[in-house]
Amino acid sequence: MARTVAPVYDPQLIEPRWRAAWKAAGLFRVTEDRSRPKFFHMVMFPYPSGPLHMGHFRNYVFGDTFARYKLMRGYNVLNPFGWDAFGLPAENAAIQTGIPPRVSIEKNIAISKHELEIMGIGFAWDREIATSSPDYYRWTQWLFLKFYERRLAYKRMASVNWCPKDNTVLANEQIVNGVCWRCGTRPTKKDLEQWFFKITAYADRLLDDLDKLDRWPERVRVMQANWIGRSHGAELAFTVEGQEPIRVFTTRPDTVFGVTFMVLAPEHPLVARITAPAQRHAVEAYVERTRSETEIERLSTEHEKTGVFTGAYAINPWNGERVPIWIADYVLVTYATGAIMGVPGNDTRDLAFARKYRLPVKEIVSRSPRPAGTVEGTVLELDQGYAVNSGPYSGMPSRQAFEAIAAEAEKRGIGVRTVTYRLRDWLISRQRYWGVPIPIIYCPDHGIVPVPETDLPVVLPENVEFRSDGRNPLLFVEDFVNTTCPRCGKAARRETDTMDTFVDSSWYYLRYTSAREEREPFDPEKASFWMPVDQYIGGVEHAILHLLYSRFFTKVLHDAGMVAVDEPFAALFSQGMILRHGAVMSKSKGNGVEPDQIVERYGADTGRIYELFIGPPDQDAEWNDRGVEGISKFLHRVFRIVVGEEEGSPHQGQPVGEVELLRSLHETIDKVTRDIEAFHFNTAISALMILVNRMQDYLRGGGARNEAWATVAQGLTRLLAPFAPHLAEELWERQGGRGLLTFGDWPSVDPALLARSLVTVVVQVDGRLRDRIEMAAGAGEDDVRRRALESERVKRALAGRSVARAVLVPDRLINLVSA
RNA sequence: GCGGCUGUGGUGAAAUGGUAAACACGCUAGGUUCAGGGCCUAGUGCUCGCAAGAGCUUGGUGGUUCGAGUCCACUCAGCCGCACCA
């Protein structure tokens, strides 16, 4: 390409040229090169929804900057990308427009890819994946079969949230404010046979291993821990006349003497059997009513507790008391045993229920070993109180009573210590078309039969008719549904549900390690070479779902001997969102800024640096068009100063000589390096601005463009490379640099050049700043103190008092404490 | 209710327990073969003062310390997550 000599910084001219150069050089193309340390770097892959906006780009800019930096540090960087290409939006678009999902997805991918390219975001494109490609989803199906073999995939009847308008199940997270997130319809409950992954079998490990993830944001770990929700307690049995006992779960067995009623979930199997004839009508009506409510509604705090007495009584084996059995919708059949013991004396929910239905309240926990005589409604935690009115356990600290009662229950065979989780099994069936077909066949003789591995992939038929009623088009594809049993060859029916798209994204990082592998989902050797992901970057909206599912997958595959690691992501960074006009940037709100606009007007480098400088990377930031202008000016200034337009014009600041200039460079190298490692991109940019200001001061003070200058200019250029890669390459070439800077070395700090001979020491009197003095570096306390006391300002502040003692921070500060 | 995060100039923000407000935006004044824009210079937390200077200042109240935006306790406000999970 012809060399262009631009008198001014012209991004339009220089940027395409360098992108072509990187492409030719194979930026981020890697192999399992053992001569360099590996670094597996990933940004979360997106759903290809069409044009991206600068809000999306923050993620990619951080990632690209970090990956380029690691490359310059000499790492063998695996930096792949792909597309989470299955999902409902493409299917809905197909229903409305008739454009097949594959067509719209491919178009969107092309658009997004172009935008990434013009922003200079580099990836290992030779490893690009799309979850909707048969090359990929056949292995998603294969993994499903592995889970099935290991009894981690199973089918059962489940009461699910069903959107009657869209004709599909909704995951709990897809119900927003009690209605379907898509169409606003109130979902109903429906009993359906659904496929689940048994994530609960891994609950303990998923929770305990969070401790290993010391390079994850605290908030994400906390959210996952809450989601798993492990509770230690006991299951206790209460006898019912003429029936099997009711088993309840409680985290507070020490409060068992305070039971004044029992509550069963309305769906509890015992309800029908124990209900007294007189209450049957009321109970049945109540059960019917709760069935029409969603779990979300039932669990809402504002929802007033309601319930109905069954007419039956249970006996509390601990004190022989006879207590009424109620049913109430605040007890969930899906959690623990679906039944509770009502202890209004130390539980706010039970207290509210007891007050509403005038049930007795007993004090059984007190702040002191003696009863206070009142129950005020504050719950005392296990290590805050003492058991009272509790028979032989009275007076014990609650924790001790917990242990004693649990032990006694086990001895008497009326209870057992146990652990319960809030986490439930992962419902992966979706009554949707645009997803991975679940590789299962239903045979009239053999029931559920997995598709043999050799028959994979079960290809998703693409010539289908989309129905306006939203029913899964697969149901009507005869060729697909009608098949034969792999065991007996008889006519059989294929599963038409597809998998939740979170299954697709639960293993894509492994696929990246050998993206073109044809015999297995990934090459175990390559996977063990690259795993774990050393740095993962993505939005906090995936704090639970995707990140928890991926951890689960990794553990399962670890147990199956397929991967060495049991945690996929060693370090996680969750970036803040970009807002504009006070709202998250989005196409629907019309407040998006598109990369094309930025690239055309200012160049990609300006857009990149602006997104880095806008604020702390982990916090949300407001987009400001003026701020973009500011960055553009900065880059123009960098260009002029390095390329040689800028000359000195006099100013009043401190003169900057060669020594100061070189020191500034090394201070900047030090600062920028530490800032990138810590993901403090905003301060890294400000450090670069400071260096450029110093360079300007040097020239204005008459400094020559000599060898020292060239060293600093080249140093600046290298430091700029991860942030503004196009400009850096251009400057590098104009300075006579060899090869591509992107593949060059990151500069290192020379501690000798950081040293100062003269330092400014701050003088405080009684902790208040009074003066600053110039001292030789390394001056001792006596010298500094003597010089400080010579200061008129210091004398005035002391006002004749003597100095009782002095605190010296070498080369920085002395504090004179007056008598 | 539980948990997490955040409170600093007009704005975005910076600050290993050691000069609060770096860097930038904005603004003011001036310069520029100066329409505008750009570029350059000086200034810009608040109060008093012509100035020199003095005092005040990191949501609030206390505490630890020679010294606190930073650590501790309590408290207020905002944001986020979970939320009748027994």
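Everything numeric here is computed off the predicted structure, so don't read it as measured data. Letters go in sequence order (proteins before strands), and every chain restarts at 1.
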Reading nucleotides 15-22 of chain B from the 5' end, what letters show protein touch, with B for base, S for backbone sugar-phosphate only, - for no heavy atom under 4.0 Å?
---BB--B
Determine: side-chain N/O of A:Asn693 to OP1/OP2 of B:A24, distance under 4.0 Å, yes or no.
yes
Can you tell whether the side chains of A:Glu667 and A:Arg756 come within less than 4.0 Å, N to carboxylate O?
yes
Looking only at side-chain atoms of A:Arg768, point me to the closest of B:C25, B:C56, B:A24.
B:C56
Distances under 3.5 Å between nitrogen or oxygen atoms of protein and nucleotides 29-35 of chain B:
none

Side-chain atoms of residues 623-630 of chain A: list all donor-acceptor pairs with protein atoms under 3.5 Å, sequence neighbours left out, distances to 0.1 Å.
from	atom 1	to	atom 2	distance (Å)
A:Trp623	NE1	A:Asp625	OD1	2.9
A:Asn624	OD1	A:Arg626	N	2.9
A:Glu629	OE2	A:Tyr602	OH	3.0

Phosphate-side-chain proximity, A:Gln619 and B:C79, N/O vs OP1/OP2 below 4.0 Å:
no
Without hydrogens or angle criteria, can the side chains of A:Gln384 and A:Ser398 be said to hold a donor-acceptor pair below 3.5 Å?
no
Below 4.0 Å: OP1/OP2 of B:U41 and any side-chain N or O of A:Arg700:
yes
Is a donor from one side chain sitting under 3.5 angstrom from an acceptor on the other, for A:Tyr610 and A:Asp605?
no
Between B:C82 atom P and A:Leu423 atom CG, what is the distance in whole Å?
14 Å
Just jot down the side chain to side chain contact (heavy atoms under 4.5 Å, CB included) partners of A:Thr420, sequence neighbours excluded, or say none.
A:Phe249, A:Tyr335, A:Ala336
Rounded distance (nearest 0.5 Å) linking atom CZ of A:Arg247 with atom CG of A:Leu270:
10.5 Å
From the set B:G55, B:G4, B:A13, return the single nucleotide nearest to any side-chain atom of A:Arg219.
B:G4
Would you mind checking if A:Asp766 and A:Arg768 are paired as a salt bridge, meaning a charged N to carboxylate O distance below 4.0 Å?
no
So does A:Arg422 get a side-chain nitrogen or oxygen closer than 4.0 Å to the phosphate oxygens (OP1/OP2) of B:A83?
yes
Of the options B:C66, B:G3, B:C39, whose atoms approach the side-chain atoms of A:Arg640 most closely?
B:C39
With no hydrogens and no angle check, do the side chains of A:Asp329 and A:Thr290 hold a donor and an acceptor under 3.5 Å apart?
no
Tell me whether the side-chain N/O atoms of A:Ser231 come closer than 4.0 Å to OP1 or OP2 in B:A86.
yes
Side chain of A:Pro616 - closest among B:A86, B:C25, B:A14
B:A14
is_close_aromatic(A:Phe353, A:Trp326), centroid dist under 6.0 Å:
yes
What stems involve RNA chain B, if each pair must be Watson-Crick or G-U and both of its distances must be under 3.5 Å, with 3 or more such pairs in a row?
B:1-7 with B:76-82, B:10-12 with B:23-25, B:26-32 with B:38-44, B:45-48 with B:53-56, B:59-63 with B:71-75
Using a 4.0 Å cut-off on protein heavy atoms (strictly under), produce a 5'-to-3' string for nucleotides 45-54 of chain B with B for base contact, S for backbone-only sugar-phosphate contact, and - for none.
--------SS
